[in-house]
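A quick write-up on the structure given underneath.
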Amino acid sequence: MPELPEVEVVRRGIVEHAVGAAIDKATVYDGRSVRRHLGGPTDFEDRLVGRTVAGVGRRGKYLWLRLDNDDAVLTHLGMSGQVLIQRPDLVAQKHLRIVFDLDNGRQLRFVDQRIFGGMLVSDGGADLPAEIAHIARDPSDPAFDVDLFAERLKRRRTGIKRALLDQGLVSGIGNIYADEALWLAKLHYARATDTMRKSEVIGLLNVIRDVFTSALSQGGTSFDALYVNVNGESGYFDRSLEAYGQEGLPCSRCGTPIRRDSFMNRSSYTCPACQPRPRNGRW
DNA sequence: GCTTGCGCCTGAATGC
DNA sequence: TGCATTCAGGCGCAAG
């Protein structure tokens with residue numbers, strides 16, 4: 001699924017290939033991809049015709065097209081979403097859900113196999129859509145407030161992984177990203193947030209930033225004018241994972257087999273030696 | 001107010 | 001072979 005670096009790559013791709021273009025026509029092929037747009041598919045389409053894309057914003061894994069009337073097209077890729085900029089004559093993808101015909105001779109296509117993602121028109125949301133005002137900044141955002149984050153962690157009564165996955169606390173971190181960051185920082189997912197030392201919090205944030213930065217430098221070259229890369233299998237799956245999905249394989253630091261635990265209806269991977277379970281851990 | 005768990009989806013992988 | 005079941009995941013929402 002697209003992780004934070006991939007979403008930023010998509011944002012930059014849209015900036016390059018769609019900003020300044022007007023939307024001649026919008027077509028929703030699957031209403032489920034706009035289910036969060038309360039006015040329904042027809043209203044969604046109608047409100048975009050004639051609008052110009054003035055810019056592209058991002059908060060966590062959410063993207064939005066800033067429109068010239070101060071509205072926004074809020075977009076989330078979910079687990080399998082792609083945004084493609086293509087020629088209109090290219091054959092439609094199997095899971096093509098939404099198409100914008102742009103006046104620059106291109107189409108902006110939203111393709112999403114599992115429909116966990118979607119789009120909606122946000123009233124007056126060009127600056128920051130109200131629908132995502134509750135989403136925190138990501139650790140690579142210059143305005144991310146480390147002190148505030150550490151303080152809020154301290155007040156939580158939960159485990160560090162839950163906290164990392166809570167987009168209201170810090171955004172952009174999914175299950176894979178969380179497991180890899182915790183492995184790098186040698187922290188167990190059940191570590192109680194209120195026992196975290198400031199230095200540990202800072203170390204964890206630095207690890208997350210490092211992964212983001214290196215992924216971004218690699219992802220930035222992987223698309224051209226006709227394809228804004230959001231390949232669902234790119235990014236993390238191209239890199240070598242240290243913990244996620246490595247059950248039974250030796251930890252690259254110490255050789256202990258990586259273990260898999262069921263956690264929050266999904267999997268968590270840890271090195272039992274490098275990341276020992278805390279005595280007073282919290283889920 | 002905070003924490004926890006469900007349900008939305010598809011298709012690949014697995015089980016019988 | 002073929003059908004049925006399980007699993008993966010982000011996020012909104014409701015229940016605790």
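Letters A, B, ... are given to chains in the order of the sequence lines, protein chains preceding strands, and every chain is numbered from 1.
- For the pair A/Y29/A/R97, no side-chain contact is recorded, criterion being any heavy-atom separation below 4.5 Å from C-beta on.
- Of the side-chain N and O atoms in A/Y62, one or more sit less than 4.0 angstrom from OP1 or OP2 of C/dG12.
- Atom-to-atom, CG of A/D194 to C1' of B/dC2 comes out at 14 Å; the value is rounded to the nearest Å.
- Across the protein-nucleic acid pair, A/M79 atom CE and C/dG10 atom P stand 7 Å apart, rounded to whole Å.
- Along DNA chain C, the nucleotide nearest to A/R114 and the one nearest to A/Q167 differ in position, and the one closer to the 5' end is contacted by A/R114.
- Other residues, nucleotides and ligands contribute only 12 or fewer heavy atoms inside 6.0 Å of the CZ atom of A/R259.
- For A/D261 and A/Y189, the side-chain atoms include at least one donor-acceptor pair closer than 3.5 Å.
- Members clustered with A/L120: A/Y62, A/W64, A/L74, A/L128, A/I132, A/I135, by chain and number, using a 4.5 Å side-chain heavy-atom cutoff among hydrophobic residues.
- Between A/H95 and B/dC9 there is no side-chain N or O to OP1 or OP2 distance below 4.0 Å.
- Taking atom CZ on A/F116 and atom P on B/dG11, their separation rounds to 13 Å, with Å as the unit.
- Each end of the helix from B/dC2-C/dG16 to B/dC16-C/dG2 gets its own axis, taken as the rotation carrying the C1' atoms of four end pairs onto the next four within a five-pair window, and the two axes meet at 60° to the nearest 10 degrees.
- Put simply, CD1 on A/I173 is 11 Å from P on C/dC11, counting in whole angstrom units.
- At the phosphate of B/dG11, OP1 or OP2 sits under 4.0 Å from a side-chain N or O atom of A/K94.
- One interatomic measurement links the two molecules: CG of A/D166 to P of B/dG1, which rounds to 16 Å at whole-angstrom precision.
- For A/S267 and C/dA8, the shortest distance from a side-chain N or O to OP1 or OP2 is below 4.0 Å.
- In this pair, A/F149 and A/F144 present their aromatic rings tilted. The plane angle is within the 30 to 60° band.
- Screening A/Q167, A/K61, A/R209, A/R58 against A/D138 for a side-chain hydrogen bond (donor to acceptor under 3.5 Å, both in side chains) leaves a single residue, A/R58.
- The side chain of A/T158 places no N or O atom within less than 4.0 Å of a non-bridging phosphate oxygen (OP1 or OP2) of B/dC2.
- Judged by distance alone, with hydrogens and angles left aside, A/R162 brings no side-chain donor or acceptor close enough to the base of B/dG5 to form a pair under 3.5 Å.
- Phosphate contact (OP1/OP2 of C/dG10, side-chain N/O of A/R266, threshold under 4.0 Å): present.
- Relative to the side chain of A/R32, the nucleotides B/dT3, B/dT10, C/dC11 differ in distance, and B/dT10 lies closest.
- Residues A/Q107 and A/R87 have side chains that never bring a donor and an acceptor to within less than 3.5 angstrom of each other.
- The side chain of A/H76 contributes no N or O atom lying less than 4.0 Å from OP1 or OP2 of C/dG12.
- OP1 or OP2 of C/dC13 has not a single side-chain nitrogen or oxygen of A/R36 nearer than 4.0 Å.
- Protein atom CD1 of A/I160 is 15 Å distant from nucleotide atom C1' of B/dT3, rounded to whole Å.
- Atom pair A/N175:CG and C/dC11:C1' shows a separation of 13 Å (rounding to whole Å applied).
- Without hydrogens or angle criteria, A/E6 side chain to A/E3 main chain gives a donor-acceptor distance under 3.5 Å.
- One finds no side-chain N or O of A/R35 lying less than 4.0 angstrom from the OP1 or OP2 phosphate oxygen of B/dC8.
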